[in-house]
Amino acid sequence: MVRIFTFCCTFLLSVGCLAQSSTYIGAEVAVSADFFKISDPGGRVTHPEISSALWGATIRHTLSKNLFLEGGIYTRAYKLGVAFDHNYGSGGTDRTGYLVPLRVGGRLPLLKGALAISPVVGFTFGVTDEGQGGLLDSTGYKDGATSIRYMYTTTYPSQVFSLVQAGIGIDIRLWPKTLLSLSTNFYGGINKIMNQQIGYVPENGAAVKATQHSNGGFYTVGIGIRREVNWF
């Protein structure tokens, strides 16, 4: 992962030097929430409300007044869980992901450059540790007259995955060489990295088999700080 980040930094620095552009080093932190895809004939399994922090470092090169390239390295927890009827769920952290984004962005300056709207698109390479997976033994919940007993098994088809990114941010110039960045991003997964087989028995009902899986995708809402640096 260090080698990948070093390559990204070297590539961006080379492009930036050729274009005689500005270089910004930054740090970001964000709240992120995973996307899950559910198949449930019983209609009781719902999206678990689990989130995690994303944080990392970035390097940006402005190729012109309205265009930049950016790379970086992030880390975040990949969580798993099950929820029923939008009001109950169980979950926890099982794997840590390491992400290397490469993206291109535009800049629309406003208020004489004090603000800039910055849409981005890009590609992210990701890898996770092994995780535990395995079986969650039968458990359940009761809410008034509603009760469900359930269990699930978790498997991980892959530790390596790819994401496509689309997002938008606002850069606020704090000082001549410092930017405060507010952003929201969507990361769409391409290949499956987690699969859950869920079995549950609702109150006075027959057993139901459902599935839930993740392609590694998530969305973020975050804040960052960027500082222009002089390499030469």
Side-chain angles (χ1 to χ4, degrees), residues 1-35 51-78 93 96-127 162-188 216-232:
M1 185 60 65
V2 174
R3 291 181 179 178
I4 296 173
F5 183 58
T6 301
F7 169 79
C8 295
C9 292
T10 302
F11 172 76
L12 291 172
L13 284 172
S14 300
V15 173
C17 291
L18 291 174
Q20 296 182 345
S21 63
S22 300
T23 303
Y24 289 84
I25 297 294
E28 294 184 13
V29 62
V31 175
S32 64
D34 295 87
F35 295 125
S51 61
S52 62
L54 175 146
W55 57 275
T58 62
I59 180 170
R60 174 187 292 187
H61 287 289
T62 58
L63 302 180
S64 68
K65 180 180 178 180
N66 303 109
L67 184 66
F68 64 84
L69 293 176
E70 190 166 70
I73 183 167
Y74 296 139
T75 185
R76 71 181 297 268
Y78 272 93
T93 299
T96 300
Y98 304 94
L99 310 171
V100 178
L102 294 172
R103 53 198 173 221
V104 59
R107 299 185 74 254
L108 176 62
L110 302 172
L111 302 177
K112 298 182 179 180
L115 299 176
I117 306 298
S118 301
V120 299
V121 294
F123 177 84
T124 297
F125 171 79
V127 61
S162 302
L163 306 168
V164 291
Q165 177 191 0
I168 191 166
I170 300 176
D171 291 332
I172 304 170
R173 189 166 297 280
L174 300 180
W175 298 284
K177 292 187 177 184
T178 305
L179 302 176
L180 175 69
S181 300
L182 307 175
S183 63
T184 182
N185 291 277
F186 167 89
Y187 293 85
F218 58 93
Y219 71 90
T220 67
V221 177
I223 186 171
I225 192 82
R226 290 179 171 84
R227 175 73 177 177
E228 185 178 355
V229 295
N230 296 316
W231 296 97
F232 304 101

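Please read all numbers here as calculations on a predicted model, not as lab measurements. Quick note: residue numbers are just sequence positions, from 1.
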Just how far is it from atom CG of L182 to atom CD1 of I223, taken to the nearest 0.5 Å? 5.5 Å
How long is the straight-line distance from CG of L180 back to CZ of R226, given to the nearest 0.5 Å? 9.5 Å
Looking at Y219, I want to see if its OH is surrounded by more than 12 non-hydrogen atoms of other residues, nucleotides or ligands under 6.0 Å. no
Would a distance-only check, ignoring hydrogens and angles, find a side-chain to backbone donor-acceptor pair under 3.5 Å from T184 to T220? yes
How long is the gap from CD1 on I73 to CZ on F125, to the nearest 0.5 Å? 10.5 Å
Heavy-atom closest pair (A30 atom, G222 atom, distance to 0.1 Å) is CB-CA, 3.5 Å
Whether S22 side chain and T62 backbone form a donor-acceptor pair below 3.5 Å: no
Let me have the donor-acceptor pairs involving side chains of residues 101-112, under 3.5 Å, with sequence neighbours excluded, atom names and distances please.
unit_1: R103; atom_1: NE; unit_2: E70; atom_2: OE1; d: 2.9
unit_1: R103; atom_1: NH1; unit_2: Q165; atom_2: OE1; d: 3.3
unit_1: R103; atom_1: NH2; unit_2: E70; atom_2: OE1; d: 3.0
unit_1: R103; atom_1: NH2; unit_2: Y74; atom_2: OH; d: 2.7
unit_1: R107; atom_1: NH1; unit_2: K65; atom_2: O; d: 3.4

Within the distance-only criterion (no hydrogens, no angle test), does the side chain of T75 pair as donor or acceptor with the backbone N or O of G97 below 3.5 angstrom? yes
For N185 against I168, the heavy-atom pair lying closest together: OD1-N, 4.3 Å
As an exercise, state the distance from CZ of F186 to CG of L163, rounded to the nearest 0.5 Å. 9.5 Å
How long is the straight-line distance from CG of L99 back to CZ of R76, given to the nearest 0.5 Å? 7.5 Å
Should the ring pair F218 and Y78 be called parallel, tilted or perpendicular, given that the plane angle runs from 0 to 90° and is split at 30 and 60? perpendicular
Scan the side chains in residues 170-179 for donor-acceptor partners under 3.5 Å anywhere in the protein, sequence neighbours excluded, and list what turns up.
unit_1: D171; atom_1: OD1; unit_2: S181; atom_2: OG; d: 2.7
unit_1: D171; atom_1: OD2; unit_2: R60; atom_2: NH1; d: 2.9
unit_1: D171; atom_1: OD2; unit_2: S118; atom_2: OG; d: 3.2
unit_1: R173; atom_1: NH1; unit_2: P176; atom_2: O; d: 2.8
unit_1: T178; atom_1: OG1; unit_2: R227; atom_2: NH1; d: 2.8

Which residues share a side chain to side chain donor-acceptor pair (under 3.5 Å) with T124, sequence neighbours left out: none
